[in-house]
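Bear in mind that the values here come from a model prediction, so they are computed numbers and not experimental data.
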There are 2 protein chains.
Amino acid sequence: MARATTSTRPPGRPRSGVDATVFAATLNAVHELGYAHATVDRIAAAAGVAKTTIYRRWPSKGALITACLVDAFGPAPLTGASREEIMSTAIRWIAAKIGEPGIGAAFAGVFTDAVNDSALRQILSTQLQDPYRLALEEALDEPENRVLFFIDVVVGTLLHRMGMTGEPMVDADVDALVEMVLRALP
Amino acid sequence: MARATTSTRPPGRPRSGVDATVFAATLNAVHELGYAHATVDRIAAAAGVAKTTIYRRWPSKGALITACLVDAFGPAPLTGASREEIMSTAIRWIAAKIGEPGIGAAFAGVFTDAVNDSALRQILSTQLQDPYRLALEEALDEPENRVLFFIDVVVGTLLHRMGMTGEPMVDADVDALVEMVLRALP
DNA sequence: GGATTACGCTACTTAAGGTATCGATACTAG
DNA sequence: CTAGTATCGATACCTTAAGTAGCGTAATCC
């Protein structure tokens, strides 16, 4: 998510493309070292910025990773002629995203970090989960608890395979996941 | 899993019921404080033992939590007249287990810890995952990749709901999960 | 009673998240 | 071109927590 470029920019030193550089370094570090070993010191060094610069922009490591994910995911493609097609497209889209280097591990790590960090849970909800959940509720015309169930099944399965076990999710498994969920969609 | 009580016990100070006490204190701490804040110092204090005693018995915090889970889960009830009944019983059993206080958070936490800790991943595989996977392959007469898919779906969904989001899994959701998986079982 | 083994205690090392301070730098406004 | 402003880099520091070392002590078997 690019920082808003206000036409009337306040004075002071520039922030130019630092966000993008830090995001790239973050995903790279998480991919190579895992969530725990991807320390803020390493990320800062890899991005060529000072650690203090990172903590000036994001309040915690978890918030940095979350912003990184929001930037990487972008808007969901909830398109399709039927509910089945919308669901199928959405599942394949998120499967591809979680399969990208670092995304799965970052996702799983930030979730675990958030379990007992209410501030981080707040950021995760408002910036990552709620937008997709609400968009899905509208696109599928399903109640909240049904959409939450489907999200838990899809995201949980993908994260357990790719973010935790570390194993890849082959195409056949994605196909099986899509078919299983579609059959549960009345 | 209780320590084997060999008839010919070596001399030295007793180990009596320390394992069980530590396990209870561990699950309690994880339940109340979460995986990260459930420090070994707190667990040791709650169990009434010294921290060094814990590290004499388990090589790391992750290994302690894993042993704790192995002890808590025990053998899986893979009984039933049909493959559907076996699968249904197994899903409801693991859903109930992961819903117990501390189990879900411990499970999710140790998985995330294991992502870049090969020693811990080894312990997890041999002591927790492989036994259940192999038993399921035999009970259901399904190939390894199919069983792995079902495990990822069921455990992933439950962990994402209860171990990460922290939300409870109501009976209706468990029913939906069972029905969905059974329909995918040929 | 003696050997053995685990225990409790204290102190320590190391890694990592996060903070404080301050001089330097790069931008905008006039 | 100067002045004001806000960020940056660097260094030093604090705190928590995992894990280790050493040593005296207590409980068990023979």
In whole Å, what is the span from the [atom1] atom of [X] to the [atom2] atom of [N]?
| X | N | atom1 | atom2 | result |
| --- | --- | --- | --- | --- |
| His37(B) | dT16(D) | NE2 | C1' | 10 Å |
| Asp117(A) | dG17(C) | CG | C1' | 12 Å |
| Arg42(A) | dA15(C) | CZ | P | 10 Å |
| Asn116(B) | dA15(C) | CG | C1' | 16 Å |
| Lys51(A) | dA12(D) | NZ | C1' | 11 Å |
| Asp41(B) | dC12(C) | CG | C1' | 13 Å |
| Asp19(A) | dT7(D) | CG | P | 13 Å |
| Tyr55(A) | dC8(D) | OH | P | 16 Å |

Does Phe107(A) reach the side chain of Leu158(A), with side-chain heavy atoms less than 4.5 Å apart?
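When only atoms from C-beta onward are counted, Leu158(A) and Phe107(A) do not touch, as no gap falls below 4.5 Å.
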Taking the six-membered ring of Tyr55(B), is NZ or CZ of Lys61(B) closer than 6.0 Å to its centre and within 45° of its axis?
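Relative to the ring axis of Tyr55(B), which defines the angle, Lys61(B) lies outside at least one limit.
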Going through the distances and angles, do Asp19(B) and Arg57(B) end up as a salt bridge (charged side-chain N to carboxylate O under 4.0 Å, His left out)?
CA-CA 9 Å; Asp19(B) 279 26; Arg57(B) 288 165 180 247; 2.3 Å; yes
For nucleotides 4-7 of chain C, which of its nitrogen or oxygen atoms have a protein nitrogen or oxygen under 3.5 Å away, and what is each distance?
unit_1 : atom_1 : unit_2   : atom_2 : d
dT4(C) : O2     : Gly12(B) : N      : 3.4
dT5(C) : O4'    : Pro11(B) : O      : 3.4
dT5(C) : O2     : Arg13(B) : N      : 2.9
dC7(C) : OP1    : Arg57(B) : NE     : 3.3
dC7(C) : OP1    : Arg57(B) : NH2    : 2.3
dC7(C) : O4'    : Arg13(B) : NH1    : 2.9

Go through the steps to decide whether Arg146(A) and Glu137(A) satisfy the test salt bridge (charged side-chain N to carboxylate O under 4.0 Å, His left out), and finish with yes or no.
CA-CA 9 Å; Arg146(A) 292 269 301 165; Glu137(A) 286 176 21; over 6 Å; no
Given dT20(D), dA20(C), dG17(C), the nucleotide with the shortest approach to the side chain of Thr52(A):
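Among dT20(D), dA20(C), dG17(C), the one nearest the side chain of Thr52(A) is dA20(C).
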If you check every side-chain atom of Thr39(A), which of dA18(D), dC9(C), dA16(C) has the closest atom?
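For the Thr39(A) side chain, the nearest candidate turns out to be dA16(C).
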Which atom pair, heavy atoms only, marks the closest approach of Leu159(A) to Gly104(A)?
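Between these two residues, the closest heavy atoms are CD2-O, 3.8 Å.
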Counting neighbours of CD on Glu138(A) that are heavy atoms of other residues, nucleotides or ligands and sit closer than 6.0 Å, is the number greater than 12?
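Counting neighbours around CD of Glu138(A), 12 or fewer heavy atoms of other residues, nucleotides or ligands fall under 6.0 Å, so no.
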Closest-nucleotide ordering on DNA chain C, the 5'-leading residue of Gly48(B) and Val40(A):
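The residue closer to the strand's 5' end, by nearest nucleotide, is Gly48(B).
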So, Ser88(A) side chain and Glu84(A) main chain: donor-acceptor pair closer than 3.5 Å or not?
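Answer holds: no.
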